[in-house]
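Chain A is the first sequence line, chain B the second, and so forth, proteins listed ahead of strands; every chain is numbered from 1. Just so we're clear, the structure is a prediction, and the values are computed from it rather than from any experiment. When reading the values below, keep in mind they use all heavy atoms of this one structure, side chains included, and skip hydrogens, waters and symmetry mates.
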Number of protein chains: 2
Amino acid sequence: MPRVLIVEDEPALRRALAINLKARHYEVDAVGTGTDALAAAATGELDLVILDLGLPDLDGVEVIEGLRGWSQVPIIVLSAREAQAQKVRALDAGADDYVTKPFGMDELLARIRAALRRAEGTEPVPAVVATASFTLDLAAKRATRDGAEVRLTPTEWHLIEALVRRPGTLVPASQLLAEVWGPAYEKETNYLRVYFAQLRRKLEAVPGTPEHFITEPGLGYRFEP
Amino acid sequence: MPRVLIVEDEPALRRALAINLKARHYEVDAVGTGTDALAAAATGELDLVILDLGLPDLDGVEVIEGLRGWSQVPIIVLSAREAQAQKVRALDAGADDYVTKPFGMDELLARIRAALRRAEGTEPVPAVVATASFTLDLAAKRATRDGAEVRLTPTEWHLIEALVRRPGTLVPASQLLAEVWGPAYEKETNYLRVYFAQLRRKLEAVPGTPEHFITEPGLGYRFEP
DNA sequence: GCCCCGCGTCAAGATGGCGTCAAGATCGTC
DNA sequence: GACGATCTTGACGCCATCTTGACGCGGGGC
């Protein structure tokens, strides 16, 4: 479910927003100051920010600019002020939408859906992994070796994703098994042997001496870009 | 300069909007009915649509749905109505923003800038898709194969739109089902089997060995241009 | 030098997804 | 109210994939 950060200094409204969003199964963080908002945005993976302009510490536009310095996350601004100039400044600073208090919760939820829908199409990260002998497009599910298309099965993709997410890092066998087959399969290391053999046969230049899918005996496996 | 289509039945407001936008150096088209709006959108390359909901011929939501069937162009809705339900319907139908009359021209211009700024990154999806054996006009809902017209049912169009939006990219079966039949149908993969069989029979040169509607077993489907 | 455990390899059986077809159910139209 | 088109639902055979077991190899410990 999408993660939403609520930035609202008034406790009553903050709680009301959080409850309403949680009831729609969003994951909700809520803070009361602009400083906390920037800190929360810096640590977590956010899908949307709901930002009240009337904050005690920072001007709302500063918060927007602080976020836009490094993030494309959609921002919906709330404000009690009717001032046109305020709206224009917020929108030009990088806000996606502007809702004037008092607002209907239905409308806000609809605007949240609209903002999330727009954001979901734009995939800034192509999620492509390339090595000397093959390339992997995790998003499009395409694999090529020496320019030729290679077919991978669903389990092979799942295993590759679990491993490639941490390039150069050793991933314990139990963790791979838990992620791909489920926690109940943590001891079935023979699955890994079978599937890594298939992956090496399909992707490695010399399957006998793998250069990218490395076995660390007794520990796990490592992907070397 | 960005091309903007104004859809507004009241001549005075239509003129006022057109003059203001032209003064900001936008390229402006202006029409007074929903039918003209869809026709204008189908022919030209548009960057933004400003849509009044109170049109004489079509319901505003129908216009939004008609556009969203094949185009990702940003839509800003204007409306005199304060009704929450109206806003929610328009936004969920695919509108990007909703401005209530009376509005300040500064605010509208700021929202236009915000919508265009967002759309900047996303490349447009062509309304006409052509392959070696068939062509699809998503805007006009026309399909031809070897020059002859082919009839597609509404569900077939809906499925094609969901798939063709990401050419060459794998689209998960659950996503196609959620988009065409609704989130409750994510497990009904037999629908996809039936409808892809129909599409291949109607469009592929050799339905038995499809070249454009590719099944990735266990994952989903892929459109290959 | 021998034994044992973990890894790679292979192949056969089980499984589940896919394509196909056709019969109802439903919707829209005249 | 009847007709046609479209959508839904179920059944069936086939095949890629997954699972499972057996075997050989090699390195480390005794």
Contact under 4.0 Å: A:T215 side-chain N or O vs C:dG8 OP1/OP2: yes

Option passing side chain to side chain contact (heavy atoms under 4.5 Å, CB included) with A:L136 (candidates A:V150, A:T131, A:L203): A:L203

Distance in angstrom units between A:L219 CG and C:dC7 C1', rounded: 13 Å

N/O (side chain, B:T153) to phosphate O (OP1/OP2, D:dC7) under 4.0 Å: yes

N or O in side chain of B:Y185 less than 4.0 angstrom from D:dT8 OP1/OP2: no

Residue-phosphate contact under 4.0 Å: B:T155 side-chain N/O, D:dT6 OP1/OP2: no

Phosphate contact (D:dT8 OP1 or OP2) by B:W181 side-chain N/O below 4.0 Å: yes

B:V194 or A:N190, whichever maps to the more 5' nucleotide of DNA chain D: B:V194

Rounded distance (Å) that lies between atom C1' of C:dG17 and atom CG of B:L192: 12 Å

DNA chain C: 5'-proximal contact among B:R201 and A:R193 (nearest heavy atom): A:R193

Euclidean distance, atom CG of residue A:L177 to atom P of D:dT20 [Å, nearest integer]: 13 Å

Candidate pair B:D9 and B:R14, rule salt bridge (charged side-chain N to carboxylate O under 4.0 Å, His left out), full reasoning: CA-CA 7 Å; B:D9 61 319; B:R14 186 165 73 237; over 6 Å; no

Spacing of A:E188 atom CD relative to C:dC7 atom P, expressed in whole Å: 14 Å

Rounded distance (Å) that lies between atom P of D:dT17 and atom CG of A:L199: 13 Å

Aromatic ring pairing A:F134/A:F213, orientation class (parallel under 30°, perpendicular over 60°, tilted between): parallel

Nearest-angstrom distance from the residue atom CD1 of B:I214 to C1' of C:dG19: 14 Å

Phosphate contact (C:dG8 OP1 or OP2) by A:R200 side-chain N/O below 4.0 Å: yes

Nucleotide D:dA5, atom P - distance to CD of B:Q198 in whole Å: 14 Å

Distance test, side-chain N/O of B:Y195 to OP1/OP2 of D:dC7, below 4.0 Å: yes

Length of the OH-C1' vector between A:Y191 and C:dA14, whole Å: 12 Å

Below 4.0 Å: OP1/OP2 of D:dA5 and any side-chain N or O of B:R151: no

Below 4.0 Å: OP1/OP2 of C:dG19 and any side-chain N or O of B:Y221: yes

Criterion side chain to side chain contact (heavy atoms under 4.5 Å, CB included) against B:L78, the qualifying member of B:L17, B:V7, B:I6: B:L17

Aromatic centroids of B:F103 and A:Y98 separated by under 6.0 Å: no

